[in-house]
Amino acid sequence: MRNLRLPGFALAIPAWVWLAVFFIAPVGVVFWYSFGYKPGLFGTHANDKLSLDRYLEVLTPTFFDTFVATMWIALAGTALCLVIGGPVAYWMAVKSPPAWRGLLLALVLVPFWTNFLVRTIGWQVILAPEGWASQAAQAIGLPAFDILYTRAAVLLGVVYNYLPLMILPLYVAFDRVGEPLREASRDLGANRLRTFWRVTLPLARPGIIVGVLLVYIPLMGDYITATVLGGAKGNMVGQMVAAQFQTAQNWALGSAMAVTLILVIVLSAGVVGALLWLVSWPMRRANRLVLGEVGS
Amino acid sequence: MSRSADPRADIATERGAVTLQAVTKRYGDQTAVDALSLDIQPGEFLSLLGPSGCGKTTTLRMIAGFEHPDEGDIQISGRSVLGTPAYRRDVNTVFQAYALFPHLTVAENVAYGLQQKRVPKLELRERVAAALEMVQMRGFADRKPTQLSGGQQQRVALARALVNRPAVLLLDEPLGALDRQLREEMQLELKLLQAQLGITFVFVTHDQDEALSMSDRIAVMRDGRIEQLADADTIYARPASAYVAAFVGQQNFFDGVVAPDGAGVDSPRAQLRPATPLSGFAAGDAARAAVRPEFVELSADRPSGNVNIASGDVIGVSHLGEMLQFLVQLDEQTAVLSRRPTPDAPALSVGDRVWATWRPDAVQVFPAGDAAARSGYVPPPTAAQISDP
Ligand SMILES: Nc1ncnc2c1ncn2[C@@H]1O[C@H](COP(=O)(O)OP(=O)(O)OP(=O)(O)O)[C@@H](O)[C@H]1O
Ligand SMILES: [Mg+2]
C-alpha cells in the first residue's frame, strides 16, 4: 500500500475551515454592516452609503453607561471567579487525594448538565423575596433579604454560571506543574508559600490567563444572567446588541455596537494584562540572574 | 561540643552524619521500609543498592523529608529531623528525573536555593558561577533546561544541589537516564567531586557496577531491609547471603547437601570444597555453593583430584573485550560460566569436552532456599527473580 503522507497542518484544516465559516465570516459581515444604515421602517440594513455615523450613535451617554456597567460586572465577576475558583482548583490539583480527582472534576461539571437559562431562573426562585434564601435567613433570626434584581444578584449568578470555566483550566494548569517540581523547590529551601510564588504560579500562568479570558470574554457578551437576575438594573451591552437586532431591527447600529464591544474586550484584556505585567516586574527582576562575566 | 567517651558517638553527631534507627514506612498494608537501621559516616559515599521496589527511594525520601516514617528515628548531623520540614533540612537531592525548573535559566535554577537563604547578590553570583564551573556548564548559564541534553541537565541538577553546600547530598539514580559512555564518565566525575568536597553522598542505584566502582560502603537492600552493609571488596568477595552473592556480580550456583564430613557441599555434578570446613551446617543439610565465573578455569585434559571439578561441553564462547567467556553445559539443567582473561584463555571452541576447576577459596556456601532457585550459572538476576524467592 502506498504511504500517504500529509503535511502536519493538514490535521488542523477542519478546525480552520470551521473557524473561517462560522466565526471569521460572520464577524466580517457584522463589521461590514456596521458602516451601513437602517433604510426606513421595514428594512434591517443597507450598505449602499458607507459612514461611521453608527459609531457616533453608539457613543451616546446611555450606551456609555451601559458599557461601564457591563465592564464592571465582567471584571468583578472574573475577579470573583478567580478568587473563589483559584484555591478550589489548587486544592483539587495539589492537595486532594489523587483518587478523588476524577470525581471532583465531574462534580465541577454537574451544573453544565442543565440548561444555562434554566439554571439562572432557578436562582430567581431562590432569591425571590419569599424564596428559600430569604426564608432560611429569617429562620435563623436574620432580617428578610431581597437581593433579586440587584447587582449583587447578578454577580452571584455570574459566579455560579462561570466558575467551572475558571476552575477547569486552572486545575489543568496546577496539575501540570507536578509534584516533582514542588518537591525540588522545597528541597532547595523554599517553604510552601515561596514554592507557590516561584514555581507553581509562574508555571500555571498560561492556564490562569486562559481561565480569565474564558470567563471574561463571554461575560462581556452575556445578557441572560443579567436580565434574569438583574432586571432593569442588570442592563448589559449584550442585551442592547440583541435588542437592536431583534426588537429595533436596526442591524447596522447593532453591528456597530457589537464591533465596539469586541474592541473594548480586546483593549481591556490588553490593559489588564499590561498592568499585571508591570506590577509583577519588580519580583521578576529580583529573581532574574544573568551571570555575564562573573567568575569566568 | 563536649567529647564523650565513645569515639563513635562523636562521629555520629558530626555535620554530615546520618543515622536511621529502626525506620519503618508502610503504604497501606505494604511495608516499603522495614525497621531499617543505618549509620552513615560524615563524608562517606554510601550506596543503596537493590532491585526495583526494595525501598531505596522511600528511604531517601524519608531522609530528605518528603515522607515521614511510621516508626523509628532519623538523625542528620546528630539531630533528630522528624519534626523538621524538608525545606529546613541541611540536605539536598539530585532527583532521578532532575526536576529542573523549566521556566528558569540554568543560572537561575542553580541560584534558587541560595535565593531562598537570602544570600547577598554578589556572593550569590559568584557561587552560582563557581558551581557551574565545577560541573563544566559555565557556558550554558543563560539557557533553559529544555535546551540541554540529558547529561547536561544532570550536571545542572548536581550544581543546583551542591551550590548550597549541604551536609548530605541525596542522589536517586542520577545516572539512570544517561547512555553508557556518559554514565561511566559521570560516575568518575561524581566520585572525584565527592572526594574533593567531602560531602556525605547517599547514592541510590540498582546498578551493581555503579555501586561497586563508586562507593565507600554499599548497603544491599531487600524488601525494605538491609541485607548486607560493607565495602565493595567485602560485598563482592564475602557476600553475606546467596541473595547478595547473586545480586552483585555473576555466580555459578550449585545446589546440594552438606557432605557427611562437613567439608563442603555435594551437588549432583560436582563436589564443592571451600578452603575451610563449613561451620553452622549439619551433615545432610540442604545448601547452596557459589563460584564466581572468573575463578572457573577450563582445561581439555583431566586435572588431578576429585573435588572442585566438573566436566561438560562448551556450548558458547563470547568475547567481552579483555575477557573471554565460556558457557559449559554439565547436564540438561546445569551450565557453568567461566571467564578468562583473553591472553591466557584456553583455545576452546563450541563442542569441545572440557574440565572445569576452581580454587577452594573461590567456593562460598550459603543455606539453601535463599534467592534464585536454579542451580548452575545464574544470569544477572532480574528484579522479579530476586524479590519473589
Ligand atoms: N506513594 C506510594 N504509595 C504506595 N506505595 C508506594 C509508594 N511509594 C512506594 N511505594 C511502594 O513501596 C515499595 C518501595 O518503593 P521504592 O520507590 O522505595 O522502591 P525503589 O527501591 O526505589 O525501586 P526502584 O528501583 O524501582 O526505584 C514499592 O513496593 C512501592 O510499590
Ligand atoms: Mg526508586
Side-chain angles (χ1 to χ4, degrees), chain A residues 90 93-100 169-170 172-210 273 276-277 280-296, chain B residues 61 64-67 85-119 121-134 137-142 145 157 160-161 163-164 166 169-170 172:
Chain A
Y90 183 80
V94 177
K95 306 272 174 190
S96 70
W100 292 11
L170 256 56
V172 173
F174 287 137
D175 185 52
R176 277 189 40 179
V177 175
E179 192 58 22
L181 288 185
R182 282 190 293 270
E183 272 180 2
S185 171
R186 282 195 281 143
D187 187 72
L188 292 164
N191 60 23
R192 283 171 202 278
L193 194 66
R194 297 274 304 160
T195 298
F196 179 78
W197 282 109
R198 289 224 47 205
V199 176
T200 309
L201 195 61
L203 285 171
R205 195 171 53 194
I208 297 172
I209 292 174
V210 167
L276 285 178
W277 188 83
S280 64
W281 193 71
M283 188 178 124
R284 277 179 290 125
R285 201 186 117 87
N287 293 325
R288 190 170 311 140
L289 181 67
V290 181
L291 284 186
E293 296 305 305
V294 182
S296 60
Chain B
R61 287 172 59 80
F66 299 129
E67 306 284 355
Y87 69 91
R88 286 204 279 132
R89 293 192 188 184
D90 192 6
V91 162
N92 285 110
T93 308
V94 177
F95 297 90
Q96 178 163 19
Y98 312 142
L100 296 175
F101 303 121
H103 59 304
L104 302 181
T105 64
V106 165
E108 287 163 351
N109 264 283
V110 177
Y112 193 92
L114 299 179
Q115 286 171 341
Q116 304 310 320
K117 290 188 195 154
R118 312 205 182 279
V119 171
K121 194 113 188 183
L122 208 68
E123 185 193 340
L124 179 139
R125 294 165 70 93
E126 266 159 21
R127 279 172 71 177
V128 170
L132 286 176
E133 205 80 65
M134 179 177 71
M137 289 295 292
R138 183 65 182 78
F140 298 84
D142 298 327
R160 182 176 72 171
V163 76
N164 304 292
L169 188 72
L170 308 174
D172 192 355

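Letters go in sequence order (proteins before strands), and every chain restarts at 1.
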Tell me, for [X] versus chain A, whether the close heavy atoms (under 4.5 Å) come from the side chain, the backbone, both or neither.
X	result
B:Leu170	neither
B:Thr93	both
B:Leu132	side chain
B:Asn92	both
B:Arg160	both
B:Ala107	both

| query | Taking atom CG of B:Asn109 and atom CG of A:Leu188, what is their separation to the nearest 0.5 Å? | reply |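 That separation rounds to 8.5 Å.
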
| Point-to-point distance, once rounded to the nearest 0.5 Å, from CG of A:Asp187 to CD of B:Gln116 | 11.5 Å

| task | For A:Tyr90, check ring pair (Phe, Tyr, Trp, His ring centres under 6.0 Å) against everything at least two apart and list the hits. | result |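 A:Phe174, A:Phe196.
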
| said: Checking B:Phe101 now: which residues fulfil ring pair (Phe, Tyr, Trp, His ring centres under 6.0 Å) with it, not counting sequence neighbours? | reply: B:Tyr112

Minimum side-chain heavy-atom gap [X]-[Y] below 4.5 Å:
X	Y	result
A:Asn191	B:Pro85	no
A:Arg205	B:His103	no
B:Arg125	A:Leu289	yes

| message | Show the nearest heavy-atom pair for residues B:Ala99 and A:Ala184, with the distance to one decimal. | response |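 Heavy atoms of B:Ala99 and A:Ala184 come nearest at O-CB, 3.7 Å.
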
| said: For a quick test of reading the model, state the closest non-hydrogen atom pair linking B:Ala129 to A:Leu291 and the distance between them. | reply: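 Minimum heavy-atom contact is CA-CD1, 4.0 Å.
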
| query | If you tally heavy-atom pairs under 4.5 Å against chain B, which of A:Pro180, A:Ser185, A:Pro202 wins? | reply | A:Ser185

| Between A:Arg288, A:Arg186, A:Arg198, which shows the greatest number of heavy-atom pairs under 4.5 Å with chain B? |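 It is A:Arg198.
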
| message | Take a 6.0 Å sphere around CZ of A:Arg285 and say whether it holds more than 12 heavy atoms from other residues, nucleotides or ligands. | response |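 Not buried by this count: 12 neighbours or fewer within 6.0 Å.
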
